[in-house]
Colleague: 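So that we are looking at the same thing, I have put the structure below in structure tokens.
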Amino acid sequence: MTTYTFPEGFLWGAAASGIQTEGTTNKAHPSIWDTWHENNPERFFKEIGPAKVSQTYERFQEDVALMKKIGMNSFRTSIQWSRLIKDFETGEACPDAVTFYLAYIDEMIANGITPMINLYHFDMPAELQDQYGGFESKHVIKLFEKFARTAFKHFGHKVKHWITFNEPIVPVEGGYLYDFHYPCKKDGKLAVQVAFNTMVAHAKAVLAYHDMKLDGEIGVVLNLTPSYTRNGSDADQEAAWYADLLFNRSFLDPMVKNTIPEELCQILRDNDIMPAFSTAEIDEIKSAEVDFLGVNYYVPRRVKAREAEYTLDYFTPEKYFENYINPQGRFNPFRDNNEILPTAVYDIAKNIQDNYGNIKWYLAEIGIAMDLESEGPVQHDGMIDDSFRTELMTEHFIQLHRAIEDGANCFGIHQWTFIDNWSWLNSFKRRYGFYRLDLETGNRIPKRHSTWFKELATTNQFTV
Ligand code: IFM
């Protein structure tokens, strides 16, 4: 038997987002998800949209009590731009939203849960998308800064851990390359513009936070996916290098090292997809230093050198490599392209340690969903059996522990997610929570993994 003990003060908790949990009650404006669902419900699993979620707006006190019950000492959620802001152009807040978020944050603090608050979780206000093209527009960058300042002004005295963006590459991929987020465009040049503008919006929020002299920290959460080759050949290694540059370093370098990789600029020039930028924007990116990094990890990326000709008539990163399924891989039986690779957590940690100044970071999302569990019965003791989750999280956490022993500067783990939540096009198809959400009653039903987690969170160690 081995006992794995984590550093003192380690954060144990869960992550979620406003739009995936709050529901639409009393919301000032719709987001792109609300209007997209209204117009195209067929794009969503079982046609369930963001109105039918866990109703945290009404039930947050009960939820915070459930967080405490399973030993969580911290929780990330997001403030919805489309809920908080009454007037997007001025950044004026909606009083009801301020009251709600203050009460929610206070409830967490009163129960010993450190709130970590994110400003953007894929949820562009619909009006800003329709009127300006969302982050296609330079004007929307300015509006985002106003929103950020409003959030800092109202909640900065209570929230000490801020996050600008969760997985900023995902709306670029989904909305502008691969058609799984609104506005469902396929346009490599526009994708790069949105990515660049998102970086500037992030930088402006970081600079605004420091400018307001609040006594907390601000960072960003990136989904980092190490790339592994098919066979280690030079050609495959080059393919992996491109995948890493385009999917990881594209945001990691500007946001953590405050540099823009020259090799990336070369790709943009070669493909005639350089975004519009000003030197002032570049200066902002280079001067906006984050205090910490959050990393989301679910699956590794497997790549090989391109064999087939690239036939798309617009740019995607796949121009430089092909995705590959590892025949020797271990897979989630319900998601046949989702490889399970706990050692990737160690590799991510080493990369941050060796190449990103060993910046302070935390595992901001990790989780697994298997279809069987969603259907499984409530057992004699009122719990859902999700022992697969404990087995897999144990393996991943052992790898993180190994990295910490080797010097990784990691300060916590947040699992995705707290209560099964609505998830974009998949709605409730995949359930990741510590608690099951009964879609009919709204009841929260504990899963067995939460008892293992509670022991871990309260003792700061586990033994296997
Ligand atoms: O639901 C998402 C979340 O919004 C971002 N990270 C991945 C989760 C699970 O798919």
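One-based numbering, in listed order, for ligands and for the atoms of each.
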Colleague: Just to confirm my output: which protein heavy-atom neighbour is closest to atom 10 (O) of ligand 1, and how far is it?
Modeller: Tyr432 OH, 3.8 Å
Colleague: What is the closest protein heavy atom to atom 2 (C) of ligand 1, and at what distance does it sit?
Modeller: Trp424 NE1, 3.7 Å
Colleague: Among protein heavy atoms, which lies nearest atom 7 (C) of ligand 1, and at what distance?
Modeller: Glu365 OE1, 3.2 Å
Colleague: Look at atom CD of Glu318 and say whether more than 12 heavy atoms of other residues, nucleotides or ligands are closer to it than 6.0 Å.
Modeller: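 Atom CD in Glu318 is packed in, count exceeds 12.
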Colleague: Check if Ser423 has a non-hydrogen atom at a distance under 4.0 Å from any atom of ligand 1.
Modeller: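 Under 4.0 Å: yes for Ser423.
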Colleague: Please check if the number of heavy atoms outside Lys142 that lie under 6.0 Å from its NZ is greater than 12.
Modeller: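 It does not: Lys142 NZ has 12 such atoms or fewer within range.
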Colleague: List the closest protein heavy-atom neighbour of atom 4 (O) of ligand 1: residue, atom name, distance to the nearest 0.1 Å.
Modeller: His121 NE2, 2.7 Å
Colleague: At a non-hydrogen distance cut-off of under 4.0 Å, which region of Gln20 contacts ligand 1 (side chain, backbone, both, or neither)?
Modeller: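 Answer for Gln20: side chain.
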Colleague: Is Lys69 salt-bridged to Glu62, cutoff N-O under 4.0 Å?
Modeller: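 Answer for the salt bridge query: no.
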Colleague: Can you name the residues that form a ring pair (Phe, Tyr, Trp, His ring centres under 6.0 Å) with Phe434, not counting sequence neighbours?
Modeller: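 With neighbours one apart ignored, the set is His449, Phe453.
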Colleague: Sequence neighbours excluded, which residues qualify as salt bridge (Lys or Arg N to Asp or Glu O under 4.0 Å) partners of Lys160?
Modeller: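 Testing Lys160 for salt bridge (Lys or Arg N to Asp or Glu O under 4.0 Å), a comparison that skips the adjacent residues, returns Asp215.
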Colleague: Inspect the surroundings of OH in Tyr182 and state if more than 12 heavy atoms from other residues, nucleotides or ligands are less than 6.0 Å away.
Modeller: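 No.
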Colleague: Would you mind listing which atoms of ligand 1 come within a distance below 4.0 Å of any non-hydrogen atom of Glu167?
Modeller: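 Atoms satisfying the 4.0 Å criterion: 5 (C), 6 (N), 7 (C).
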Colleague: If you measure only the distance, is there a donor-acceptor pair under 3.5 Å linking the side chains of Asp96 and Asn26?
Modeller: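 Present: a donor and an acceptor within the cut-off.
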Colleague: Numbering the atoms of ligand 1 from 1, which are under 4.0 Å from a heavy atom of Tyr298?
Modeller: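 So the answer, numbered in order with elements, is 6 (N), 7 (C), 8 (C), 9 (C).
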Colleague: Would you say Asn166 has any N or O atom under 3.5 Å from an N or O of ligand 1, going by distance alone?
Modeller: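 Min N/O separation from ligand 1 is not below 3.5 Å for Asn166.
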Colleague: Which ligand 1 atoms, with their elements, are less than 4.0 angstrom from a heavy-atom of Trp416?
Modeller: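 Heavy-atom distances to Trp416 below 4.0 Å select 1 (O), 2 (C), 3 (C), 4 (O), 8 (C), 9 (C).
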